[in-house]
Amino acid sequence: MSRRRRLIAIGAASVVAVAGIGSGTANAAQAGHQPGKDKRVLKILNRMTLEEKVAQLFVLQVYGTSADTTDPTAVAANQKLYGVDNAQQLIAKYHPGGIIYYSVDPPNVTSPAQVAHLSNGIQQAAMRQRVPIPVTIATDQEQGAIVSRIPAPFTQFPGSQALGAGRTPKDAYTSAKITGQELKAIGINTDYAPDSDVNVNPANPVIGVRSYGSDPTLVSQFAAQAVDGYQAAGVIPTAKHFPGHGDTDTDSHTGVPIINHTKEQWEKLDLPPFKADIAHGIDSIMTAHIIVPALDPSGDPATLSKPILTGILRDQLHYDGVVVTDALGMQGVRDKYGDDRVPVLALQAGVDELLKPPTDSAGNGLFKVQYDAVLNAVKSGQLSESRIDQSVYRILRVKLRHGLFQHPYVDESKVAKRVGTPSHLATEQAITDKTTTLVKNAVLPLPKDNRKVLVTGYGVSTTQTLANDIGKRGPVTSVLQTGISPTQATIDKAVAQAKDNDVTVVTTNAAWNIKANGPGQQNLVKALVATGKPVIVASVRDAYDIGYFPEAQNYLVTYGYTPASLESLTKVLFGEISPQGKLPVMIPVAGHPDQTLYPYGYGLTFAK
């Protein structure tokens, strides 16, 4: 029997076993006492021990590129987290409900075929357990340049704000559907996307271009289309970050954001996208580690807030899908309570899944601390087992709905034919070509001649890729990558080179964010403009940069720096396509967030 057929056989046998067929009538009778419930789910649930139920609530990070890795670096990292060598041992020891993939070192991701093999290995391990339950395999593939875990040859669609600039909601559906198809081909059955935050704060350091824009109607349209696209591909989408992370100047990874919207403002600005997601049948919603006093005056973050998660999300919005926390290692949820209390409080608030437990100051994993805390809370009566059952029921139900029990494995031999296909890449470029936004223009389009062009600014691969694209159109290009925080010496070098060139194209990345990046990028652009030579500024992240160097006469926004984004930028520079993007956010005057420099919806064009 081939490996593929053996895996399918194992999976089919496991589904039969876990459904309770041939195991007597006790479980069926017990299930029959819960009208309206899926009896298939109840049969699985009734076979599980309390320990297995609690483990099902956790989504864990594990290191390594295979389920049975012996790579010393991955093994050492897993030992620090869980006291095991690899994913196979982790599943055998604890039976977690989910695994999340990252591209950090040591990574889970090196190639599509490798990820598919890893996913099959994880599911094999899960289906060998006493109660065989497939694992939720998740990642954060929001697309764009900011939060994207699966690199090329996986198709790299533009991120949310670029799509918002393109103003074509159907593109959100198409990109989500193809992304979902490719994720599913490599065994990833859950995407922590779409971001449904409405980014109304230009100083937001953590959301920004991850949001479709600042208009709740636009965000609602695009997020709902993305939900439909993922679901059409058979992948579980996750709307985030409820109740809305778009108006903060604090990063919840490192601090505790406070959203000071009134309830009326929240209902108008933050709520609509999540209502749209729910109306489109979203199966999973991620919480935000933010404090919203108007919704809960206790000072608890939303992840731990019963008034927000149960009172609003469950009771008022009638959402009955899975609620998953944002990562529990983030400071926004650790600031007020100890790590042992957080998971219990989250479950009491209405959470179902506990994502990525934290580590201590020495890097040792605290999963066992949080697992034991939940287990002991049930044994002591702080949590009832029926409350645990509610969450496990939802988790198992979504796994069953999305076919994980029936088809836990992927066909590794077909990955190359399903990921990064010519058709997908052509669609990626066509969608991306609608997104580049022209804000100021004095020299475009450029002629295709042999003039000398300096490409400088942020990003080693960004500047080189852009120079290569420009060079294909005739100009002689040179590259000086200056980084995200250029020094004065680097700026002086760029100015000297700019004087020896006919045109300079400079890329910026969050130049507005002096707190994180310093003033170097702003000083670089100002110094280049002062040369008197033509300077074209291209922001490859947020649109807001122009507010900090308004003397620049040529300014475009790509909202990302994927190869497709840089190719689209180049096409616009040389007039091969007309710029079509419209600002999905308002650009304020620097230092005056209430004064508009360029309004929402603004965007120049010219004839092709």
Side-chain angles (χ1 to χ4, degrees), residues 11 14-15 18-19 31 34 36-48 52-60 95-101 119 122-123 126-127 131-141 176 180 183-184 187-194 196 224 226-240 242 274 277-287 309 313-314 317-326 346-347 350-356 387-410:
S14 299
V15 171
V18 82
Q34 300 189 49
K37 297 285 188 179
D38 189 320
K39 292 183 179 180
R40 300 169 301 170
V41 177
L42 291 173
K43 286 178 181 180
I44 302 167
L45 183 62
N46 291 334
R47 293 188 61 204
M48 299 173 70
E52 289 167 337
K53 292 175 185 176
V54 170
Q56 192 67 203
L57 306 177
F58 285 89
V59 180
L60 305 179
H95 322 296
I99 297 292
I100 181 170
Y101 288 167
S119 300
I122 287 171
Q123 299 293 16
M127 302 306 278
V131 181
I133 299 173
V135 172
T136 298
I137 298 179
T139 198
D140 295 278
Q141 190 72 7
L183 289 174
K184 189 172 182 180
I188 297 175
N189 51 55
T190 300
D191 193 4
Y192 291 143
S196 297
V227 169
D228 289 348
Y230 283 118
Q231 292 181 154
V235 165
I236 303 165
T238 301
K240 59 189 188 187
F242 189 83
F274 293 101
D277 294 335
I278 292 169
H280 282 246
I282 190 80
D283 275 317
S284 179
I285 291 178
M286 180 179 287
T287 67
L309 298 186
L313 186 57
R314 296 290 190 202
L317 301 180
H318 307 294
Y319 174 69
D320 190 39
V322 170
V323 175
V324 57
T325 71
D326 207 340
L347 290 164
V351 158
D352 299 307
E353 282 187 325
L354 302 162
L355 174 63
K356 197 173 178 288
R387 171 65 191 88
I388 301 299
D389 286 351
Q390 289 175 8
S391 289
V392 177
Y393 177 89
R394 291 190 186 103
I395 293 166
L396 296 177
R397 180 179 60 186
V398 76
K399 290 181 179 183
L400 197 65
R401 281 178 178 173
H402 284 265
L404 273 62
F405 283 94
Q406 299 93 325
H407 305 288
Y409 309 110
V410 296

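Keep in mind the model is a prediction, meaning the values are calculated, not measured.
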Provide the closest heavy-atom pair for [X] versus [Y] in the form atom of the first, atom of the second, distance.
| X | Y | value |
| --- | --- | --- |
| Leu354 | Ala346 | CD2-CB, 4.0 Å |
| Ser391 | Leu57 | CB-CD2, 3.7 Å |
| Asp389 | Lys53 | OD1-NZ, 2.9 Å |
| Ser284 | Pro237 | CB-O, 3.5 Å |
| Met127 | Ile133 | SD-C, 3.8 Å |

Min side-chain heavy-atom separation [X]-[Y] under 4.5 Å:
| X | Y | value |
| --- | --- | --- |
| Lys184 | Val410 | no |
| Met286 | Tyr192 | yes |
| Val227 | Pro194 | yes |
| Leu355 | Leu60 | no |
| Phe405 | Pro132 | no |
| Val131 | Arg47 | yes |
| Asp352 | Val324 | no |
| Phe58 | Lys356 | no |

Worksheet entry | Partner of Asp283 by salt bridge (Lys or Arg N to Asp or Glu O under 4.0 Å), out of Arg397, Arg401, Arg394 |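 The single option meeting the salt bridge (Lys or Arg N to Asp or Glu O under 4.0 Å) with Asp283 is Arg401.
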
Item to complete: Return yes if some donor-acceptor pair links the side-chain N/O of Gln123 with the main-chain N/O of Leu404 below 3.5 Å, else return no.
Response: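 Checked: no pair found.
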
State the [atom1]-[atom2] distance between [X] and [Y], to the nearest 0.5 angstrom.
| X | Y | atom1 | atom2 | answer |
| --- | --- | --- | --- | --- |
| Leu45 | Asp38 | CG | CG | 11.5 Å |
| Lys399 | Asn189 | NZ | CG | 8.0 Å |
| Leu396 | Met48 | CG | CE | 5.5 Å |
| Ile188 | Thr136 | CD1 | OG1 | 12.5 Å |
| Phe242 | Ile282 | CZ | CD1 | 13.0 Å |
| Leu347 | Glu353 | CG | CD | 11.0 Å |

Fill in: Tyr230 and Thr238: side chain donor to acceptor below 3.5 Å
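Tyr230 vs Thr238: no donor-acceptor pair found between side chains.
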
Worksheet item: Should Leu313 and Ile278 be marked as a side-chain contact (heavy atoms from CB on, under 4.5 Å) after you check the CA-CA gap, both sets of side-chain angles, and the distance that decides it?
Response: CA-CA 10 Å; Leu313 186 57; Ile278 292 169; 4.1 Å; yes

Fill in: Residues forming a salt bridge (charged side-chain N to carboxylate O under 4.0 Å, His left out) with Arg387, sequence neighbours excluded
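If we apply the salt bridge (charged side-chain N to carboxylate O under 4.0 Å, His left out) test to Arg387, skipping adjacent residues, there are no hits.
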
Fill in: Listed partners of Lys240 passing salt bridge (charged side-chain N to carboxylate O under 4.0 Å, His left out), at least two apart
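Checked Lys240 against salt bridge (charged side-chain N to carboxylate O under 4.0 Å, His left out); matches are Asp140, Glu142.
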
Could you list the residues that satisfy side-chain hydrogen bond (donor to acceptor under 3.5 Å, both in side chains) with [X], not counting sequence neighbours?
| X | value |
| --- | --- |
| Thr139 | none |
| Thr325 | none |
| Asp277 | Ser196 |
| Thr287 | Thr303 |

Worksheet item: Going through the checks in order, is the side chain to side chain donor-acceptor pair (under 3.5 Å) test met by Ser119 and Tyr101?
Response: CA-CA 10 Å; Ser119 300; Tyr101 288 167; 2.9 Å; yes

Practice prompt. Have a look at Val59 and tell me which of Ile395, Ile99, Ile100 forms a side chain to side chain contact (heavy atoms under 4.5 Å, CB included) with it.
Written response: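 When side chain to side chain contact (heavy atoms under 4.5 Å, CB included) is applied between Val59 and each of Ile395, Ile99, Ile100, only Ile100 qualifies.
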
